[in-house]
Amino acid sequence: MTYSRTACQALDAADPLAALREQFDLPAGIIYLDGNSLGARPKAALTRAQHVITQEWGKDLIKSWNTAGWADLTKRLGDKLAPLVGALPGEIVVTDTTSVNLFKALAAALALQADAPARKVIVTERHNFPSDIYMAEGLAGWLERGHTVRLIDTPDEIPAAIGLDTAVLMLTHVNYRTGYQHDMAALTALAHQHGAVTVWDLAHSAGAVPMDLHGAQADFAVGCTYKYLNGGPGAPAFIWVPQRHQGTFHQPLSGWWGHASPFSMASAFAPCDGIGRALCGTQPIVALSLVECGLDVFAQTDMAALRAKSLALTDLFIALVEERCAGHPVELVTPRAHARRGSQVSFTHPHGYAVMQALIERGVIGDYREPHIMRFGFTPLYTSFTDVWDAVDILRQVLDEQAYDVHAARSAVT
Ligand SMILES: *Cc1c(COP(=O)(O)O)cnc(C)c1O
């Protein structure tokens, strides 16, 4: 099949989601393919920030904990997020960072294994997002009960790595580098067969791919709101604890917001019922408020429609790069199989960092991850088919003209 810019424009004209792009403030002249790292700004976030700062904080001051719903915001946002991941109301709070929530979930998962002292291993992937590994190792070391972290090299090797010694299978649903998507239901079932508990990190899948946490019988999950959910830079993350585990969910960061009655100021900690026990301390209300603006855009569509467009965008990008950049040393590392693909496409190039810098200079914003990986995120809420065409056109020019500086200095954030 051969493609053309006109054909891509026709796809945009027929795209039922095309109008949603209007709800984002994207600078002119930019093709933004990095929503997997920092989602674009919903236009509504500006008016919301102004309202929170001038009215709720400025005029109503401390009353806003009650009158503006600040006190319940972590739960209200969790309920809005729930349908995107197959959770029920009352099972998610938006709070803290992904790393901190992972610590809580993992600690609670290990606590569920307290009566199985032979289970000491946390199984995860060597190519998991490093913070997840660091947090697991930090927790294991701090517990001083002989827990270890087992790093698996490839997804195929995971089943053989789970056994009678396994306490927890801790996986990131969609890999941040390759875009590989695990089969959540199959791996959860496998873990359960061996008596292990699962902790899923949804950082690159919440708002990117449909999933069914309950259908998969997952145990715990955490995720990010500043990536595909467009919550804003450093926006609070989320943690999911299904109802069936809430009674026995104990996490060690037992701050006053997880207390049954925080304002009784009791000296003894007593966890509240429900998902609130996943909370720790006071939340950054300004940042937290903006998360709602991203979620409100999702409420106007559904994950099935988003997934259909995401796959069409990523299929098109792969086909165009392979057709139009043929002869250059670009290699696909993202799975071709739809079931195994997230909403990003990664290609390697021996000078991946330099090529990405050249693309960014020409207005195509993706990012770079070691080793050699150029990462392009596709966010169906605001990425168009014409964007895909234009991005590949510019990539082809950069490669044909060798218009990249192989000695380009590295920025702190790549
Ligand atoms: C982005 C990401 C994180 C980020 O963690 P923070 O604590 O929010 O910085 C964690 N895990 C994975 C898998 C991620 O992709």
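We count ligands from 1, going down the list as the structure has it; atoms in each ligand are counted the same way.
With sequence neighbours excluded, the residues satisfying side chain to side chain donor-acceptor pair (under 3.5 Å) with D367 are S37, R375.
Taking the six-membered ring for Trp and the full ring otherwise, F269 and H250 have centroids separated by 6.0 Å or more.
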Show me the side-chain donor-acceptor pairs of residues 20-28 shorter than 3.5 Å, one per line, residues at least two apart or across chains.
unit_1	atom_1	unit_2	atom_2	d
R21	NH1	Y382	O	2.5
R21	NH1	D387	OD2	2.9
Q23	OE1	Q300	NE2	3.0
Q23	NE2	Q300	OE1	2.6
D25	OD2	R41	NH2	2.6

Could you give the side-chain donor-acceptor pairs of residues 284-293 under 3.5 Å, partners two or more places apart or in another chain?
unit_1	atom_1	unit_2	atom_2	d
S289	OG	I285	O	2.6
E292	OE1	R48	NH1	3.1
E292	OE1	R48	NH2	3.3
E292	OE1	R76	NH2	3.2
E292	OE2	R76	NH1	2.8
E292	OE2	K80	NZ	2.8

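Around ligand 1 you find T97, T98, S99, F129, D132, T172, D201, A203, H204, Y226, K227, each with a heavy-atom distance below 4.0 Å.
Looking only at atom types and distance, the side chain of H214 has a donor-acceptor partner in the side chain of E91 under 3.5 Å away.
A distance of 8.0 Å separates NZ in K309 from CG in L381, rounded to the nearest 0.5 Å.
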